[in-house]
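Take a look at the structure below.
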Amino acid sequence: MVPRAPAHQTVMQTPVPHQHGVRRAFSLPARMQRMPAMPFSPVTSRVSFPEQEERILAFWKQHDVFKRSIEERPADNVFSFFEGPPTANGNPGIHHVLARVFKDLVPRYRTMRGYRVPRKGGWDTHGLPVELEVERSLGFSGKPDIEAYGVEAFNEKCRESVFKYVSEWERMTDRIGFWIDTEHAYVTYHPEYVESCWWIFKTLFEGDLMFRDFRVTPHCPRCQTSLSSHEIALGYKEDTPDPGVTLRFRLNASSGASDALRLDDGVPTSLLAWTTTPWTLSGNTALAVLPEATYALVERADAHLGRERVVVAEPRVAAAVADGEVIATLPGTALVGLRYEPLYESTTWDGIDPLMFVDGRTQKPKSAADLPARRVIASDHVTTDEGTGILHVAPAFGEDDYGMGRAEGLMFLQPVRLDGTLIGGPGDGLFAKVADPPITQDLRERGLLFRSETIRHTYPFCWRCDTPVLYYAKPSWYIRTTAVARDMVAGNQRIHWVPEHIKDGRFGEWLEGNIDWAVSRERYWGTPLPIWVCELCEHTEVIGAYDELFARARAGTADGVRKADGTVDAHRPFIDRVELDCPQCNGTMRRTPEVADAWFDSGAMPYAQFHYPFEQNEFMSRFPADFICEAVDQTRGWFYTLHALATLLNHTEDVPEAIAYRNVVCLGLILDGEGQKMSKSRGNVVDPWSVLNAHGADAIRWYMYTASPPGNSRRFSTDLVAETSRRFLSTLWNTYSFFVTYANSAGFDPSGAKPDASAYSELDRWIRSELHQTVRRVTDALEAYEPSEAARPIEAFVEQLSNWYVRRSRSRFRQGGADSNAAQHTLYECLVTVSKLLAPFTPFIAEELYRNLVAERVSGTADSVHLAMWPEVDEAAIDEQLSSDIALVQRMVSLGRAARAKAQTKVRQPLASAVLVPRTEAERGALTRLADQIAEELNVKAVEVITDPGDRLAYTIRPNLPVLGPRFGADVGKVRGALQGADAAAIVRAMRAGDPIEVGGFTLAPTDILVTVEASAGWAAQEESGYAALVDTTVTPELEAEGLAREIVRRLQDLRREAGLDVGDRIRVTYRAAEPVASALATHAASIAEDTLASSFEAVAEPAGEARSVEDVDGTEVVLALSRV
RNA sequence: GGGCCUGUAGCUCAGCGGUUAGAGCGGUCGGCUUAUAUCCGACUGGUCCCAGGUUCGAAUCCUGGCGGGCCUACCA
């Protein structure tokens, strides 16, 4: 249907202020203005949602609706949204659709609330995934291949690769109705973006928030590169066999041991330590014990060494030293500070460069004598659950070890090369894992091996080449996030998280355990670190702007960065050639070779997307974001880097807020039908287009919003989307189609005066009450960023609208007159309001309804629902009593139908009466008032509402536990027992009279007891939760005749439809029927004729006409024939 | 290994201290219907993952397991 407006030039008018509403900003063609007689465009009940959506997309484009939805809102009322940039190096899957539809929801809602919501897109273009994709396409297997190929050419390939899939992303984004400005999207490799990143680096460096240090990192010795945590996760192998060796670290007279260790006895005494990595032993510089643990001195006889004593944690004695005798125990603190004999004198080996920790940094010692001696240290990392309770510490090969080295000022030895080969000792020149056996053998021969075994554990391998990964200390640049860790924790408390548990759960705990951010990567395609270090004196300088770079660069060295045409490309390898003069020593300053972690780029987007601070533009009005939304896997990714950089830059007083976002919705992951995460590697990714083409974007969107709360993971299947479309969208569509059909035939004018309040029927007042309660619920939920909570009430309302309001009002729409007008106004209001409520959720169908019902019919209105204002709650329309009364009616009708089903009388068969039994007097009043509706629904002649059904019912009584529980506590059981034995009828009588009830020594009030009823003969009853409905099952001959007449009406209507007659066609009917049908038809001929628009209805011997059918009515043959008049 | 989430009908999910655990879909049967690709009813289908505990009362709260998901991790 949309767009129906003929193509024409839209005329932009001067923007108008929008404090209280939206003014139309372009003029409609003259023929569309003020033509109340013009009907709504006809709406077919059969609609292709996907095709309709394409038409609406075209309408939005033609009329620039997205852009206007921003620009028509006041510039001083900004709601800020940050787009977390997707990496466009693969085709988008349905899981990307999930994120994008949730991102779209809140901005659309806020726009309708009158905010200006700019939506700048972005692309994440740097990083390892891009490099790996290129490596794959070039058939590379590691860094040496890239170096040989040339960094310049390689990076050029990366740049091309990034946008290979962008058009696919844009096509998907557009089709699902995600409004985002891709035209002005930020791109992380653009020079302006990189320059902002540089500014941040410089700001942090000058604020003493950046430093260089060793970092222990997973390292693939074959590819000679660090592996990111993501890559490591790909390569874990279970049950990897490794050596498990227990070693003797000898104590001697100069160890400084206390008397407790009895070294004076002259018995050889050792500390025992266990490790799975013998190749790290030559890097040992300490042993760690748990100070609060108790250690045991164990004496034993060794087959080779004779009498000896060993020290292990007391709980480990049985496991580690099965054949010994504990001769003393001592606290862990008594071991701290002991010196021990090194396994290897590795400090003196060729090629080893011993370092030491000073003030937390590794340094060369002034002389060999300054090196700290190996000693026993205290550490919380030690456990007594495993090994010996004494830990071998090699700071060069373990993160914990490194931390201990730093904290304790230990020696630092790294006798392993980056290619994984050992320097010196028994394994000299061998690859680390290969060196384990010779090292073990050497220690065995020297009497230092206490025990050797093979253990199995989970160990990481390089996912590309299957080489075991080594953990290895390498120099790295850090951002000192620990300096602002408390600020980050405090800031987090000001962020509204959905779901809430992320705040103090996954995210909060991550912040609590914050460590400095290792931000450098030894890679190629990334933001180059703008750090230059003097070759001679190590003077370090950070460049924060291109102008600064060009001013400082030695002549000619920056030519590759600033191209001849004036553009800048600060990427490698050009930037690597830039040399600066050292201001301190006249040496040459060269750039540190690393690039930035790509997460740094994305965390910098609040600033870099606007080239802040180089351009003073939107940044200030956009920071911090009011809303961001990504999947939970971003908790330690984008959510963290955004937060960290904001807190850091606030710490340096360069940005005004310490948080980057105020509200964040974390989405769960999409799983496939089997509950597995969708990923390219598993091959279970659903192609969004297959679903979009079949069911459309609205169906997918509605499914995403309603399937489960945003934070839950959800299983996805096309069938579930199809169900959504059928159940929700079709119901709404048909209600809309119904309205348009009858409104047009009645000449309904939406601009016409609204009916007086008194003209509205009770049904009208009820649905309006429901409508405005729905508006309230939806608004509240959206204000709380709870999309699922917001969507469900709309679904429930549409269901009520279609299946109660419209169904019960159908005849009113046909009749005309004041009542008909009230019904039309009511349904119109409902549909228009629903279209606005739905606009953020299902923007296409909402637009279609709004365009046809409002924009094209009512002057002075916005021409798109997305430019309209959010509906206001009409508090006066809300009548909660009426809402609950109708809910009760619906419940009673449902009970009554169930009672009919028990009696096996179809609803078409009229019955004499129904008896309703509510729980309270107030309910009795309501049902009495609404008895007519119930009688119609149940097809009974009379409805009686009573609280005492007399002998039509038998009673059972039950204790009202929620009331009795708090009062009687443990006696509840006795009360229950007493009630079971009591005379139910007598108690019910007492309850009716309002008398206190004495039972088993307890005094109960009427409200303490619940009554259940059952029908007696001649009645059918259904009871639920204290409510009951009964129907009189007696079918008199009169009732039977009436039922037969209605049966014939239904069959004639079927015949009309089969014959292809129009709703208004008048007919002539002839029939032949045996008894008892014949008499029934004769009696009711007039009403049958009226219901079927028949001008004549006569019994003949041989019925004939345009359509004829032979029917079996309860065993009686009936022949029907009809012809158009 | 640790953290967080999650486990309810064949499927997707509500319910999160209170009477007989629900909805939609599916299946079977019946019914309504000239807005509907709809709708209504009945039937079918549940050791509310398991085991303890708290409580008068537990799907719901606590503890411990088990399964699934995500994140994280060389506990030597």
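Below, read A as the first sequence line, B as the second, and so on, with proteins coming before strands; counting in each chain starts at 1.
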**Request:** Identify whether any heavy atom of V806(A) sits under 4.0 Å from a base atom; if not, whether one sits that close to sugar-phosphate; answer base, sugar-phosphate or nothing.
**Result:** base

**Message:** What contact category does T635(A) fall into here, base, sugar-phosphate, or nothing, at under 4.0 angstrom with non-hydrogen atoms?
**Reply:** nothing

**Request:** Classify the angle between the aromatic ring planes of F813(A) and Y805(A) as parallel (below 30°), tilted (30 to 60°) or perpendicular (above 60°).
**Result:** perpendicular

**Prompt:** To the nearest Å, how far apart are N734(A) CG and C39(B) P?
**Reply:** 10 Å

**Request:** Using a heavy-atom cut-off of under 4.0 Å over every strand shown, decide if D719(A) touches base, sugar-phosphate, or nothing.
**Result:** nothing

**Per R1046(A) side chain, nearest of listed nucleotides U12(B), A14(B), U33(B)** = U33(B)

**Item:** Parallel, tilted or perpendicular: ring planes of Y828(A) versus F748(A), cut at 30 and 60 degrees
**Value:** tilted

**Request:** With heavy atoms under 4.0 Å as the rule, sort F397(A) into base, sugar-phosphate or nothing.
**Result:** base

**Message:** If you apply the rule salt bridge (Lys or Arg N to Asp or Glu O under 4.0 Å), what do you find for E795(A) with R727(A), and how did you get there?
**Reply:** CA-CA 9 Å; E795(A) 195 163 79; R727(A) 197 184 70 238; 3.2 Å; yes

**Asked** Which part of the nucleic acid, if any, lies within reach of P468(A) when heavy atoms closer than 4.0 Å are counted: base, sugar-phosphate only, or nothing?
**Response** nothing

**Complete:** To the nearest 0.5 Å, atom CZ of R810(A) lies from atom OH of Y742(A) at 8.5 Å

**Message:** Before we go on, tell me: are the rings of Y402(A) and F397(A) under 6.0 Å apart, centre to centre?
**Reply:** no

**Message:** Both I502(A) and E789(A) contact RNA chain B. Which one's nearest nucleotide lies toward the 5' end?
**Reply:** I502(A)

**Asked** Heavy atoms under 4.0 Å, any strand shown: does T276(A) hit a base, just sugar-phosphate, or nothing?
**Response** sugar-phosphate

**Prompt:** Of all the choices, A35(B), C40(B), U12(B), which nucleotide is nearest to the side chain of R810(A) once you look at every atom?
**Reply:** A35(B)

**Request:** Kindly say whether the aromatic ring centers of Y736(A) and W733(A) come within a distance under 6.0 Å.
**Result:** yes

**Message:** For a quick check of understanding: with a heavy-atom distance under 4.0 Å over all strands, which category does E512(A) fall into, base, sugar-phosphate or nothing?
**Reply:** nothing

**Request:** Assign V393(A) to base, sugar-phosphate, or nothing according to its heavy-atom contacts below 4.0 angstrom with the strands shown.
**Result:** nothing

**Asked** Given the P atoms of G69(B) and A58(B), what is the spacing between them in whole Å?
**Response** 32 Å

**Prompt:** Is the ring centre of W599(A) less than 6.0 Å from the ring centre of Y640(A)?
**Reply:** no

**Message:** By nearest atom, which of the nucleotides A14(B), C4(B), A35(B) is closest to the R792(A) side chain?
**Reply:** A14(B)

**Request:** Give the nucleotide from the list C40(B), U36(B), A14(B) with an atom nearest to the side chain of R897(A).
**Result:** C40(B)

**Asked** Base, sugar-phosphate alone, or nothing: which one does T735(A) contact when heavy atoms must sit under 4.0 Å apart?
**Response** base

**Fill in**
Quick note, N803(A) side chain, CB onward, closest among C39(B), C13(B), G3(B) is C39(B)

**Fill in**
Side-chain contact check for H501(A): nearest option of G41(B), C4(B), C70(B) is C4(B)

**Asked** Among G24(B), C75(B), A35(B), which nucleotide sits nearest the side chain of R727(A)?
**Response** G24(B)

Output a table of nitrogen or oxygen pairs between the protein and nucleotides 26-31 of chain B separated by less than 3.5 Å.
from   : atom 1 : to      : atom 2 : distance (Å)
G31(B) : O3'    : R908(A) : NH2    : 3.1

**Prompt:** Quick one: which of C70(B), C75(B), A35(B) gets closest to the side chain of R807(A)?
**Reply:** A35(B)

Give every pair of a protein N or O atom and an N or O atom of nucleotides 16-18 of chain B that lie under 3.5 Å apart, one pair per line with the distance.
none

**Item:** Side-chain-base donor-acceptor pair under 3.5 Å for R506(A) and C5(B)
**Value:** no

**Request:** Identify whether any heavy atom of S894(A) sits under 4.0 Å from a base atom; if not, whether one sits that close to sugar-phosphate; answer base, sugar-phosphate or nothing.
**Result:** sugar-phosphate

**Item:** Residues which pass side chain to side chain donor-acceptor pair (under 3.5 Å) with K503(A), listed by chain and number, not counting sequence neighbours
**Value:** none

